[in-house]
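Owing to the predicted nature of the structure, the values given are computational and were not obtained by experimental measurement. Only heavy atoms go into these numbers, but all of them, side chains included; no hydrogens, no water, no symmetry mates. Residues take their numbers from the sequence shown, with the count starting at 1.
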Amino acid sequence: VNWNAGYGGVIYQGHPGEQGYGIIVNSEGTLQILCANVAYLESSSVLSSGNWHHVAAVRDNGTWKLYLDGVERVITNNTATPWEPSGKCYIGSSHVSYQMFNGKIDEVRIWNVARSESQIRASYGSLVGNETGLAAYWQMDEGSGSTTGDGTGNGNTATLIDSPTWGASTAPVSEPTYQTSDASLDFGLVEVSTTKDETFTITNNGGGILHLSSIVSDHEKFTVLPE
């Protein structure tokens, strides 16, 4: 998503009516999950206006998780049980028609399996369409017309309403790539109980966020401490 301003729905299952669930953005750009007539699942994660972000919501064994750019965010009321949706799935709206998303949306996917954080990060770019658990996939790359096709072959063609504007479709949030300043560093002689400072730079050249889970030494007697 690329949010401009204002309150609006990113995607919502159960439109119209006071039931269902979906991802919304409040007027300050804060991401939330809405279980209509039950609870707002609020986060403190704010979208930066005018920039592309990857957002995802997962419900696994009764617990909701919200991801922004591949990182799980803390949310309130994460065990809220939504009412069973009876309406349609809307992209760019919440459970009521006037809460339209002000911005751009691309590469929309619905899965029938609970995706892990690593799986979400690995699928920033365009998909093939036959991935396990992929129930619906709208690439929105037609460029014109009043419908957008379902890339899974499941026939979930989406109809455009209220004349949204077509734009370039390029799966704008790409997987991160990186380069390092050195393939390895020779620290030379380091005496016992002493420290030696060296600089090692990792640069993210991609369109996504690069996550470093750990920095370790190849010898158990040495400890690497990041700044």
Would you say His53 and Asp69 are linked by a side-chain donor-acceptor pair, where the criterion is simply a distance under 3.5 Å? yes

Just checking, is any N or O donor in the side chain of Glu107 or Tyr137 under 3.5 Å from an acceptor N or O on the other one? yes

Search all heavy atoms of Ala36 against all heavy atoms of Tyr12 and return the closest pair with its distance. CB-OH, 2.8 Å

Could you tell me whether the side chains of Thr76 and Glu42 share a donor-acceptor contact shorter than 3.5 Å? no

Locate the shortest heavy-atom distance separating Val38 from Ala80; write the atom from each residue and the value. CG1-CB, 4.2 Å

Only one of Ile33, Leu41, Leu34, Val10 clears side chain to side chain contact (heavy atoms under 4.5 Å, CB included) with Ile24; which? Leu34

Between Trp64 and Tyr21, is the ring centre distance below 6.0 Å? yes

Do Thr63 and Asp60 have side-chain atoms, one donor and one acceptor, less than 3.5 Å apart? no

Test item: Arg59 side-chain N/O and Ala57 main-chain N/O as donor-acceptor pair under 3.5 Å: no

Mark yes or no for whether Asn154, through its side chain, and Ala135, through its backbone, hold a donor-acceptor pair below 3.5 Å. yes

With a 3.5 Å distance limit and no angle check, can you tell me whether Ser45 reaches the backbone of Arg73 through a side-chain donor-acceptor pair? no

Locate the shortest heavy-atom distance separating Val108 from Ile11; write the atom from each residue and the value. CG1-CD1, 3.7 Å

Least distance between heavy atoms, Glu117 atom then Gly70 atom: CG-O, 3.2 Å

